[in-house]
Asks: 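Could you have a look at this structure, given as structure tokens, before my questions?
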Amino acid sequence: MAGFVISGLKPLPCIYDRPAAGVISTSSSKSRFLTKNKNFPGLKTLNPIKSRNWGLNVSAPFRVASVEEDEGRKERNHGINGFEEQEQEAGFDPGAPPPFKLADIRAAIPKHCWVKDPWKSMSYVVRDVAVVLGLAAAAVYVNNWIVWPLYWAAQGTMFWALFVLGHDCGHGSFSNDPKLNSVVGHLLHSSILVPYHGWRISHRTHHQNHGHVENDESWHPLSEKIYRSLDTLTRTLRFILPFPMLAFPFYLWNRSPGKSGSHFDPSSDLFVPTERKDVITSTLSWTAMAAILVGLGFTMGPMQLLKLYGIPYWVDFRDVAGWGYILASPWS
């Protein structure tokens, strides 16, 4: 009986001089194995039951690389390894300036992205204010405790949208008209009890010192030594959820721990003398909004005001303070 080696190179006779083990087949569906015959030690017979060696002893690549390809692969590997060795020798300095400048980033931004369209910006204001009023009207109309939690989440998010629009006014990206930016920014930020100019100026300081451990305004990490010296109450209120998510109104009044002054105080060291009139204007606008809320409390009742405004207000500033909690760390 004749069989074929699985590689299909050439047929072999049943009697073979040297011992061998491997798969042979006479059909495409069954495989059998070469074993020794007890009566004739030099004779190999087909026995699919006794054989247990299912592995092939020889493997070969599908294609042998040419000399040119092998040399090219060596050069590529040497280049990669050389780069890695150079990186390891040079090391990484996190304090080193990046290999590009701010002008390079600005040049890479398409020109149409720099165009400020005040009509488009105002359309966002109208849209978001309409959504805020619509949500409040719908919640009052339904007045169901199943609906109120949904309203608080949605309205708190919309308060955050108003904050972002005022934020853009503070950056000057809302329009090219400083007066329009100031008026819209005061209306939006005062409606959610944020002093527009006070926050705008401190936020500018934040961007001018972004990531600076000592000079950054809103991101103020602590050293490990100071962190471990804090009492349990202070450490809990500052770093244990959910308390940091509610910290933004306190930050407006007292700034970050370790810093003095207030966003409402024109004499605070946050501001230079030429900015004090702006701070006074924003503080008066904030006071007017607070007076309106007090009047609404007497009109509709404190519980209704809490449901319509108070809880969404805290949801909004949970979002604001949440970003600070994510970016900051107990120690640096």
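Count residues from 1 along the sequence.
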Asks: More than 12 heavy atoms of other residues, nucleotides or ligands under 6.0 Å from CH2 of Trp145: yes or no?
Replies: yes

Asks: Are any non-hydrogen side-chain atoms of Leu293 and Leu305 less than 4.5 angstrom apart?
Replies: yes

Asks: Find out whether Asn181 and Asp177 are in side-chain contact, i.e. whether some heavy atom of one side chain is under 4.5 Å from a heavy atom of the other.
Replies: no

Asks: Ignoring hydrogens and angles, tell me if any N or O in the side chain of Asp104 forms a donor-acceptor pair with the backbone of Lys101 under 3.5 Å.
Replies: yes

Asks: Roughly how far apart are Leu187 CG and Leu165 CG, rounded to 0.5 Å?
Replies: 12.0 Å

Asks: From Arg276 CZ over to Ile201 CD1, what is the distance, rounded to the nearest 0.5 angstrom?
Replies: 11.0 Å

Asks: Check whether any side-chain heavy atom of Val194 lies under 4.5 Å from a side-chain heavy atom of His263, and answer yes or no.
Replies: no

Asks: Out of curiosity, Thr236 OG1 to Asp231 CG, how far, rounded to the nearest 0.5 Å?
Replies: 8.5 Å

Asks: Of Phe163, Tyr251, Phe264, which is the lone residue that meets ring pair (Phe, Tyr, Trp, His ring centres under 6.0 Å) with Trp199?
Replies: Phe163

Asks: Strictly distance-based, threshold 3.5 Å: is any side-chain N or O of Ser123 a donor or acceptor partner for the main-chain N or O of Lys120?
Replies: yes

Asks: Please assess Leu162 against Ser191 for the test side-chain contact (heavy atoms from CB on, under 4.5 Å), listing each intermediate value before the final yes or no.
Replies: CA-CA 9 Å; Leu162 299 181; Ser191 69; 4.1 Å; yes

Asks: Parallel, tilted or perpendicular: which describes the rings of Tyr151 and Trp148, with under 30° parallel and over 60° perpendicular?
Replies: perpendicular

Asks: Going hydrophobic residue to hydrophobic residue with side-chain gaps under 4.5 angstrom, can you get from Val294 over to Ile192?
Replies: no

Asks: According to a 4.5 Å side-chain heavy-atom criterion applied to Ile, Leu, Val, Met, Phe, Trp and Tyr, with indirect links allowed, do Phe250 and Ile311 form part of one hydrophobic cluster?
Replies: yes

Asks: Between Leu135 and Leu296, is there shared hydrophobic-cluster membership here, with clusters defined by ILVMFWY side-chain heavy atoms closer than 4.5 Å?
Replies: yes

Asks: Which atom names give the shortest non-hydrogen contact between Ser190 and His186, and what distance separates them?
Replies: OG-O, 2.7 Å

Asks: How about His189 and Trp286: are their ring centroids closer than 6.0 Å?
Replies: no

Asks: Knowing that exactly one of Val125, Val126, Val131, Val132 qualifies, which makes a side chain to side chain contact (heavy atoms under 4.5 Å, CB included) with Val129?
Replies: Val125

Asks: Going from CG on Asp117 to CG on Asn176, what distance comes out if it is rounded to the nearest 0.5 angstrom?
Replies: 10.0 Å

Asks: For Ile105, I'd like to know if atom CD1 has over 12 heavy atoms of other residues, nucleotides or ligands within 6.0 Å.
Replies: yes

Asks: Report yes if the side chains of Tyr309 and Gln155 come closer than 4.5 Å at any heavy-atom pair, otherwise no.
Replies: no

Asks: Same hydrophobic cluster for Met158 and Leu188, using side-chain heavy-atom links shorter than 4.5 Å among ILVMFWY?
Replies: yes

Asks: Under a plain distance cut-off of 3.5 Å, with no hydrogens placed, do His197 and Arg200 share a side-chain donor-acceptor pair?
Replies: yes

Asks: When you compare the side chain of Leu193 with that of Pro249, does any pair of heavy atoms fall below 4.5 Å?
Replies: no

Asks: Are Leu180 and Pro118 side-chain neighbours, meaning at least one heavy-atom pair lies under 4.5 Å?
Replies: yes

Asks: How long is the gap from CH2 on Trp152 to CG on Leu306, to the nearest 0.5 Å?
Replies: 7.5 Å

Asks: Is there a path of hydrophobic side-chain contacts, each under 4.5 Å between heavy atoms of I/L/V/M/F/W/Y residues, joining Leu308 to Tyr141?
Replies: no

Asks: Are any of the side-chain heavy atoms of Asn143 and Lys307 separated by less than 4.5 Å?
Replies: yes

Asks: Would the distance check show the side chain of Tyr196 and the main-chain N or O of Cys169 forming a donor-acceptor pair, the cut-off being under 3.5 Å?
Replies: yes

Asks: Give a yes or no on whether the backbone of Val279 and the side-chain of Ser282 come within a donor-acceptor separation of less than 3.5 Å.
Replies: no

Asks: Kindly say whether Val272 contributes a backbone atom to a donor-acceptor pair with the side chain of Glu275 at under 3.5 angstrom?
Replies: yes

Asks: Please round to the nearest 0.5 Å and tell me the distance separating atom CD of Glu224 and atom OH of Tyr227.
Replies: 9.5 Å

Asks: Less than 4.5 Å apart, side chain to side chain, heavy atoms only: is that true for Trp160 and Val315?
Replies: no

Asks: For residues Phe248 and Tyr313, establish whether the separation of their ring centroids is below 6.0 Å.
Replies: no

Asks: Just by distance, do the side chain of Lys116 and the backbone of Gly172 share a donor-acceptor pair under 3.5 Å?
Replies: yes

